[in-house]
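Here the structure comes first, spelled out in structure tokens, and everything after it is commentary.
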Amino acid sequence: MDLGRLREKIDEIDAQIVDLYEQRMEVCKNVAQYKIETGKKVFDRQREAEKLEKVKSLAHGSFNSRGVEELFEQIMSVSRKMQYGMLAESGVMGRLPFIGVDGLDTKKARVVYQGSEGSYSQEAMHRFFGKEIKNFHVETFRDAMSAIEEGSADYAVLPIENSTAGIVSEIYDLLVEFENYIVGEQIIRIEHCLLAAPGTGKEDIERVYSHPQSLMQCARYLQNYDWQQISMKNNAFAAKKVAEEKDVCQAAIAGEHAAGIYGLEVLEKGINQSDTNSTRFIIVTNQKIFKRDASKVSICFEVPHKSGSLYHMLSHFIYNNLNMTKIESRPIEDRNWEYRFFVDFEGNLSDSAVKNALRGLRDEARGMKILGNY
């Protein structure tokens with residue numbers, strides 16, 4: 001057997017496949033035109049399932065049957081994407097339920113954040129809105145989301161991920177539960193400091209208070225001292241406790257911002273082991289708005305619990321040349337081993353490629369939700 005002749009034969013067959021593929025796509029264009037005129041949906045799950053069973057039955061052997069199924073899944077997926085594009089060009093896709101704005105209205109706004117004065121959340125709020133913004137703080141993330149949903153606040157500032165500790169999973173779950181939307185983000189460099197009442201020396205300290213994650217992030221520093229480590233809900237709460245009790249036997253780990261708020265001394269700066277530790281905060285509101293110059297879209301969706309489902313959802317980003325920057329998963333309550341996926345990608349809700357991808361995802365995924373464009 002001559003390898004050159006075999007390759008020539010494959011080239012001949014491939015040329016025929018390409019020709020037949022193009023013929024098929026021409027027919028699919030007519031199908032799309034029919035759907036445009038009749039309002040019929042692009043994705044017909046039952047029709048595609050029947051088609052896959054039929055082509056599998058034409059193949060010989062289980063290996064070829066599985067290969068044919070995979071090949072036609074791809075062909076039909078590309079066909080759908082072409083049809084979505086035609087719907088977009090014809091103007092029948094419908095508008096996304098979000099309004100583009102030139103900027104956020106913050107003149108008379110009230111902002112809520114979780115924690116207390118001196119927290120990193122307060123610092124993120126000041127960085128984003130300015131120090132003159134009207135604000136108040138609440139005890140839990142849920143309280144903050146409820147405040148903007150009911151209208152007692154216009155915006156909330158919430159931490160969504162840390163560069164070393166990972167995501168704040170509760171925030172992801174609350175974004176699904178509440179009809180609130182991301183309109184901005186602020187990244188804060190985290191520099192933990194050892195804070196104590198004025199006049200305290202390190203040799204006096206017996207107990208140190210902070211959030212569990214902060215204690216973990218400072219573990220290398222803390223192992224040098226025989227101090228009792230006590231967890232608190234929030235770093236700012238720890239700083240407030242130390243300031244109010246004025247006990248030289250205790251210290252707090254928090255940001256330098258908290259030291260200024262509560263009148264504490266900074267005994268040492270930068271005690272966390274990572275020099276690049278940062279937290280990303282999101283700005284959330286109850287309005288479906290986005291800035292016209294926004295460049296990142298966040299969405300979530302569920303997929304059918306079967307092989308290849310996630311791959312087919314992500315193919316919408318590939319086909320529309322959209323750069324996906326992040327993907328996370330969270331378990332779905334009361335449905336064992338099923339997950340909801342959270343995706344960030346570059347783009348703006350006014351872009352045709354973004355609209356095209358979202359239309360495909362909306363039709364093919366379960367419960368797709370746009371979390372925001374910012």
Side-chain angles (χ1 to χ4, degrees), residues 113-128 137 141 144 157-173 175 182 184-196 200 202 205-243 250-262 264-283 296 298 323-330 342-344 346 374:
Y113 64 93
Q114 182 272 339
S116 65
E117 292 186 21
S119 64
Y120 286 115
S121 294
Q122 186 191 42
E123 185 177 352
M125 177 190 68
H126 285 162
R127 293 267 192 94
F128 192 89
H137 52 85
F141 296 138
V157 179
L158 300 166
I160 195 166
E161 67 173 322
N162 178 268
S163 58
T164 59
I167 68 168
V168 184
S169 56
E170 185 183 351
I171 300 299
Y172 281 84
D173 295 339
L175 284 169
I182 307 170
E185 67 178 353
Q186 181 68 54
I187 297 173
I188 296 290
R189 182 173 177 268
I190 304 300
E191 184 180 51
H192 293 318
C193 301
L194 184 67
L195 310 181
T200 301
K202 285 186 185 178
I205 298 172
E206 297 176 3
R207 299 177 299 280
V208 61
Y209 298 87
S210 195
H211 187 275
Q213 278 191 357
S214 299
L215 293 171
M216 177 192 70
Q217 291 163 4
C218 300
R220 195 177 301 162
Y221 174 83
L222 292 172
Q223 70 184 8
N224 297 316
Y225 301 92
D226 189 25
W227 297 336
Q228 181 185 5
Q229 298 176 32
I230 302 173
S231 296
M232 299 283 286
K233 277 191 203 177
N234 183 284
N235 291 354
F237 290 151
K240 185 178 181 182
K241 173 183 172 64
V242 171
Q250 56 192 27
I253 292 174
E256 189 173 5
H257 177 67
I261 294 287
Y262 296 109
L264 296 173
E265 278 189 13
V266 179
L267 301 187
E268 193 162 350
K269 292 183 181 181
I271 64 174
N272 44 306
Q273 45 258 40
S274 173
D275 292 333
T276 59
N277 187 8
S278 299
T279 295
R280 181 166 71 99
F281 292 83
I282 53 173
I283 315 303
K296 181 192 290 186
S298 292
N323 183 34
M324 189 174 70
T325 58
K326 187 176 183 63
I327 182 168
E328 296 284 350
S329 65
R330 291 285 299 143
F342 295 81
V343 172
D344 291 349
E346 295 176 353
Y374 49 102

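Formation of a donor-acceptor pair under 3.5 Å by the H137 side chain with backbone atoms of G115 is found in this model. Remark: the backbone N or O of R280 is not paired with any side-chain donor or acceptor of N162 at under 3.5 angstrom. Within the 3.5 Å criterion, the main-chain N or O of D344 finds a donor-acceptor partner in the side chain of T325. Side-chain atoms of W227 come within 3.5 Å of backbone N or O of I205 as a donor-acceptor pair.
The shortest side-chain heavy-atom distance between L195 and Y262 does not fall under the 4.5 Å cut-off. You'll find the side chain of T164 stays beyond 4.5 Å of the side chain of N272, heavy atoms only. Side-chain contact check for Y120 versus T279: every heavy-atom pair is 4.5 Å or farther apart. Proximity of I188 to R127: side-chain heavy atoms (C-beta onward) are separated by under 4.5 Å at one or more points. Side-chain contact check for I182 versus K296: every heavy-atom pair is 4.5 Å or farther apart. Residues S119 and F237 fail the side-chain proximity criterion, which asks for heavy atoms closer than 4.5 Å. Side-chain contact check for S121 versus F281: some heavy-atom pair is nearer than 4.5 Å. Counting only heavy atoms from C-beta outward, the side chains of V208 and L194 approach each other to under 4.5 Å.
In terms of heavy-atom proximity, Q217 sits nearest to A165 at NE2-CB, 3.8 Å. When all heavy atoms of Y172 and I160 are compared, the closest pair comes out as CE1-CG1, 3.6 Å. Across L267 and A196, no two heavy atoms sit closer than the pair CD1-CB, 3.8 Å. Taking both residues in full, the closest heavy atoms of A239 and L264 are given as O-CD1, 3.5 Å, listed atom of the first, atom of the second, then distance. Closest heavy-atom contact between Q273 and M216: NE2-O, 3.5 Å. Heavy-atom minimum distance, T276 versus S163: O-OG, 3.3 Å.
A distance of 8.0 Å separates OG in S298 from CD1 in I282, rounded to the nearest 0.5 Å. To the nearest 0.5 Å, the span separating NZ on K241 from CE on M232 amounts to 6.0 Å. Residue E191 holds its CD atom at 10.0 Å from CD1 of I271, rounded to the nearest 0.5 Å. Atom CD of residue Q186 and atom CD1 of residue I283 lie 7.0 Å apart, to the nearest 0.5 angstrom. Taken to the nearest 0.5 Å, the CZ atom of F141 stands 4.5 Å off from the CD1 atom of I171. N234 CG to H211 NE2: the interatomic distance, rounded to the nearest 0.5 Å, is 7.0 Å.
No hydrogens or angles considered: a donor-acceptor pair under 3.5 Å links the side chains of N235 and S214.
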Is there a side-chain contact (heavy atoms from CB on, under 4.5 Å) between I261 and Q122? Walk through the geometry before answering.
CA-CA 11 Å; I261 294 287; Q122 186 191 42; 4.0 Å; yes

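Heavy atoms of other residues, nucleotides or ligands lying less than 6.0 angstrom from CG of N224 number more than 12. A 6.0 Å sphere centred on CZ of R220 holds no more than 12 heavy atoms belonging to other residues, nucleotides or ligands.
Residues passing the side chain to side chain donor-acceptor pair (under 3.5 Å) test with H126: none are found, sequence neighbours excluded.
We find that R330 and E328 are not joined by a salt bridge, their nearest charged nitrogen and carboxylate oxygen being 4.0 Å or further apart. In summary, E256 and K269 engage in a salt bridge, as defined by a charged side-chain N under 4.0 Å from a carboxylate O.
Taking the centre and axis of the six-membered ring of Y225, the NZ or CZ atom of K202 falls outside the cone set by 45° and 6.0 Å.
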